[in-house]
Amino acid sequence: EIDRVSLNGNPSSVPFPRSYLEPGSLDFSFSGLKTAVLYHYQNIQKHKGELSRQETADIAASFQEAAVDVLVDKTLYALKRHNVSGVILGGGVTCNSRLRKRFYQALEETHVRLYCPSPSLCTDNAAMVASLGYYKNLDKDFSTLEVEAVA
C-alpha cells in the first residue's frame, strides 16, 4: 500500500530520520522512523485536520525513501566488509518497486549480482511461518515448551 500511495508523492517532502545506529554496525531499526511518521501525522491533524491525498502521498513517499535508504546503505556497507557474489532480496517487502529499483541501481556498477524474485513469489514471511505451522499441526509434529529458539 505504501508503494502504491507513494507513487504520487514527493520522497523528499518530509525529512524523516535515517536510523543507522552505531557507526560500523550492520544493525538498523525503524522504530524512530515510525515514531517520526506518527508525530508528523499528529502535527498535521492538530493544525489542519485530515490529511489531503497529496500530504498522504508525500508522507508515504518520504517514509519509503527513508526506509529504502537505510536498507540499501547497510547492504552496501556489508558488501564492503564481506566478500560476497550476490544479494538476495526476499519477503513481502521485496514487492516494493522503489526498493527493487534502488537495489538494482546500487548494484549496477558492482561485481555483485542481485537476486530478486518476481513479486508473485515475494510473500510475507509470517504467512510462510503460519503455513508451515499448519502442516506441522496436521502431522501432529509438536515441540515441547522446553525447545530453545535459535536464530
Side-chain angles (χ1 to χ4, degrees), residues 1-48 50-133 143 145-151:
E1 189 64 16
I2 289 173
D3 191 20
R4 185 186 66 76
V5 172
S6 70
L7 292 175
N8 296 317
N10 176 354
S12 58
S13 65
V14 184
F16 287 131
R18 272 65 170 165
S19 48
Y20 294 103
L21 301 178
E22 63 212 46
S25 169
L26 295 175
D27 296 333
F28 55 89
S29 170
F30 292 120
S31 60
L33 173 59
K34 293 186 296 185
T35 300
V37 171
L38 174 66
Y39 289 161
H40 184 77
Y41 170 75
Q42 288 174 337
N43 188 44
I44 291 174
Q45 264 195 323
K46 180 178 163 184
H47 293 97
K48 294 171 69 176
E50 286 302 308
L51 274 69
S52 69
R53 277 195 170 159
Q54 188 58 53
E55 288 168 325
T56 302
D58 288 345
I59 291 171
S62 296
F63 169 83
Q64 176 177 260
E65 199 68 14
V68 168
D69 279 350
V70 173
L71 292 171
V72 171
D73 289 350
K74 284 289 186 168
T75 301
L76 292 175
Y77 181 68
L79 293 176
K80 289 178 185 173
R81 287 180 53 183
H82 303 281
N83 185 24
V84 298
S85 59
V87 171
I88 300 171
L89 299 184
V93 71
T94 308
C95 284
N96 184 281
S97 63
R98 183 68 180 149
L99 179 76
R100 295 167 84 88
K101 181 178 181 180
R102 288 281 308 281
F103 265 105
Y104 278 115
Q105 289 171 337
L107 298 177
E108 193 172 53
E109 297 176 13
T110 70
H111 66 283
V112 177
R113 180 152 182 216
L114 179 64
Y115 298 92
C116 191
S118 67
S120 65
L121 299 174
C122 300
T123 58
D124 187 341
N125 291 333
M128 289 187 275
V129 170
S131 176
L132 175 63
S143 297
L145 293 177
E146 288 78 32
V147 71
E148 291 191 33
V150 179

Shortest non-hydrogen contact from [X] toward [Y]:
X   : Y    : answer
P17 : A66  : O-CB, 3.8 Å
C95 : P119 : SG-O, 3.4 Å
D3  : Q64  : CA-OE1, 3.5 Å
K74 : D27  : NZ-O, 2.9 Å
A60 : V5   : CB-CG1, 3.9 Å

When rounded to the nearest 0.5 angstrom, what distance separates [atom1] in [X] from [atom2] in [Y]?
X    : Y   : atom1 : atom2 : value
Y77  : S25 : OH    : OG    : 8.0 Å
R18  : F30 : CZ    : CZ    : 10.5 Å
R113 : S85 : CZ    : OG    : 9.5 Å

Validation row: [X], [Y] side chains within 4.5 angstrom (heavy atoms):
X   : Y   : value
L71 : F28 : yes
L79 : L76 : yes
I59 : F16 : yes

Next on the checklist: Does anything in residues 50-60 form a side chain to side chain donor-acceptor pair (under 3.5 Å)? List the pairs, not counting sequence neighbours.
Outcome noted: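 Counting only pairs at least two positions apart or across chains, the side chain to side chain donor-acceptor pair (under 3.5 Å) contacts touching residues 50-60 are K48-E55, S52-E55, Q54-D58.
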Next on the checklist: Is it true that, when you exclude Q105 itself, more than 12 heavy atoms of the residues, nucleotides or ligands shown sit nearer than 6.0 Å to its CD?
Outcome noted: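 Yes, because the 6.0 Å sphere around CD of Q105 holds more than 12 heavy atoms from other groups.
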Next on the checklist: Within the supplied structure, the quantity of interest is the number of heavy atoms (other residues, nucleotides, ligands) at a distance under 6.0 Å from L7 CG; does it exceed 12?
Outcome noted: yes
Checklist entry - Under 3.5 Å, side chain of R100 to main-chain N/O of T94, donor-acceptor pair present? => result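 Checking the backbone N and O of T94 against the side chain of R100, a donor-acceptor pair under 3.5 Å is found.
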Checklist entry - With distance as the sole test, does K101 use its side chain to make a donor-acceptor pair with the main-chain N or O of N96 at under 3.5 Å? => result no
Item to check | The single option from S12, S6, S13 passing side-chain hydrogen bond (donor to acceptor under 3.5 Å, both in side chains) against N10 | outcome: S12
Checklist entry - Only one of L99, L89, L107 clears side-chain contact (heavy atoms from CB on, under 4.5 Å) with C116; which? => result L89
Quick one: side chains of residues 31-42, donor-acceptor pairs under 3.5 Å with protein atoms, not counting sequence neighbours, listed by atom name and distance.
from	atom 1	to	atom 2	distance (Å)
S31	OG	S29	OG	3.0
T35	OG1	S31	O	2.9
Y41	OH	Q45	NE2	2.9

